[in-house]
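Read through the structure below, which is laid out as structure tokens, and then see the notes.
Residue numbers count from 1 along this sequence. What you see is a predicted model, and the numbers here were worked out from it, not measured in a lab.
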Amino acid sequence: MLAACGDSDAPEVPASTESPVAEVAGPSAAIAQHDDAYYDELRAHWFALEHAEKAVAERSDPLDIDLEEAPLPAESEPTPQLSLPAPLVDTAAAPAIGIIIDDLGHSLSRGRRLIALPEPVTLAILPHTQAAKALASEAAIAGRTVILHQPMENGAALAIGPGGLYVGMERAELERTLQTNLNSFVPIQGLNNHMGSRLTSDRQAMDWVMQVLDERGLFFIDSRTSAATQAAFAAEAAGVRHLSRDVFLDNERTFEAIDAAFWRALTLARKQGTALVIGHPYPQTLEYLEQRLPDLQREEGVKVVSLEALLARKYRR
């Protein structure tokens with residue numbers, strides 16, 4: 001099934017021939033030939049639909065690159081909240097960035113390239129994908145952080161794939177679906193949202209999500225696909241450790257655009273101590289990270305650290 005871009009109605013697609021994971025038969029011969037390229041194009045298409053690109057150009061602060069979701073239906077207005085406490089910044093520590101690569105689980109070979117990177121990039125794996133179990137196991141052996149890339153309802157009415165969470169779900173159904181996803185591969189250290197602009201804006205649904213994470217001792221990463229997100233408020237209330245995305249790395253799949261986004265992350269890290277980057281397993285993104293990361297700390301004075309290290313800085317533990 002198509003989960004990388006969230007289209008649960010798409011035809012089933014076979015695994016890449018370079019992956020030892022069992023193939024999934026599908027009716028479309030054209031799609032079957034190059035499933036990685038197929039997912040790349042769909043991922044870019046869905047990303048463009050889900051996010052309002054004009055938000056970037058309209059920002060007065062070039063470091064504020066949060067991409068706002070298309071307007072939600074009127075009945076989904078966010079619940080007013082008090083401001084979150086300002087995060088603690090360790091001024092004595094070297095600037096650091098965390099990197100998450102989303103939409104993994106379809107291609108074992110691409111996941112292995114991330115595991116092979118010299119710095120601790122986090123793998124965000126979609127549930128019920130053909131390479132999820134093998135990829136999570138190999139990442140754990142290599143000491144990499146693995147999180148569940150949980151499909152959540154978006155405001156653009158795009159299909160989100162198997163294991164999705166929706167605003168209209170009863171609590172028992174939402175919790176059962178989430179627990180099934182969390183049990184679908186191991187290990188899992190935390191969770192971030194796949195799409196999710198509508199669900200993350202619903203405080204009740206996010207409270208239910210956070211209660212499950214609290215019971216399991218997992219952290220939450222808010223991809224911030226909506227400016228109205230309630231995720232951080234819900235996490236704070238439940239006592240769940242959490243972080244929020246600062247920069248999307250590959251909205252545009254060119255070396256120049258990826259490099260510009262990476263520089264914004266470095267600038268943020270120098271300014272506030274840390275920055276959190278989210279990217280996707282595009283060939284261009286993988287090639288950029290393979291070139292950039294080996295000498296990053298020596299050349300820029302900014303270190304790539306695990307999500308656990310970022311959380312330890314934030315919570316002083």
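Using a 3.5 Å distance cut-off with no hydrogens or angles, the side chains of Ser109 and Ser107 do pair a donor with an acceptor. Remark: the Thr145 side chain and the Glu308 side chain contain an N/O donor-acceptor pair separated by less than 3.5 Å. No side-chain N or O of Asp222 forms a donor-acceptor pair with one of Asn192 less than 3.5 Å apart.
Partner Pro151 forms a side-chain contact (heavy atoms from CB on, under 4.5 Å) with one of Asn193, Thr177, Leu126 and no other, that one being Leu126. For the side-chain contact (heavy atoms from CB on, under 4.5 Å) test with Ile99, the passing option among Leu117, Leu276, Val121 is Val121; the others fail.
Between Arg298 and Asp295 there is a salt bridge, since at least one side-chain N of the basic residue sits less than 4.0 Å from a carboxylate O of the acidic one. Looking at Asp202 and Arg198, no side-chain N of the basic residue comes within less than 4.0 Å of a carboxylate O on the acidic one, giving no salt bridge.
Val186 and Val212 sit in two unconnected hydrophobic clusters of ILVMFWY residues. Membership requires side-chain heavy atoms under 4.5 Å apart, directly or through other members.
Residues Met206 and Leu199 meet the side-chain proximity criterion, which asks for heavy atoms closer than 4.5 Å. A heavy-atom distance below 4.5 Å is found between the side chains of Leu165 and Val209. Counting heavy atoms from C-beta on, the side chains of Pro283 and Arg110 come closer than 4.5 Å.
Relative to the six-membered ring of Tyr282, Arg253 meets both conditions, a distance below 6.0 Å and an angle of at most 45° to the axis. A cation-pi geometry, defined here as NZ or CZ lying under 6.0 Å from the six-membered ring centre and within 45° of its normal, does not hold between Arg264 and Phe262. Both cation-pi conditions hold for Arg292 and Trp263: the charged atom is under 6.0 angstrom from the six-membered ring centre and inside a 45 degree cone around its axis.
Heavy atoms of other residues, nucleotides or ligands lying less than 6.0 angstrom from CD of Glu300 number more than 12.
For the salt bridge (charged side-chain N to carboxylate O under 4.0 Å, His left out) test, no residue two or more places apart in sequence or in another chain qualifies with Arg144.
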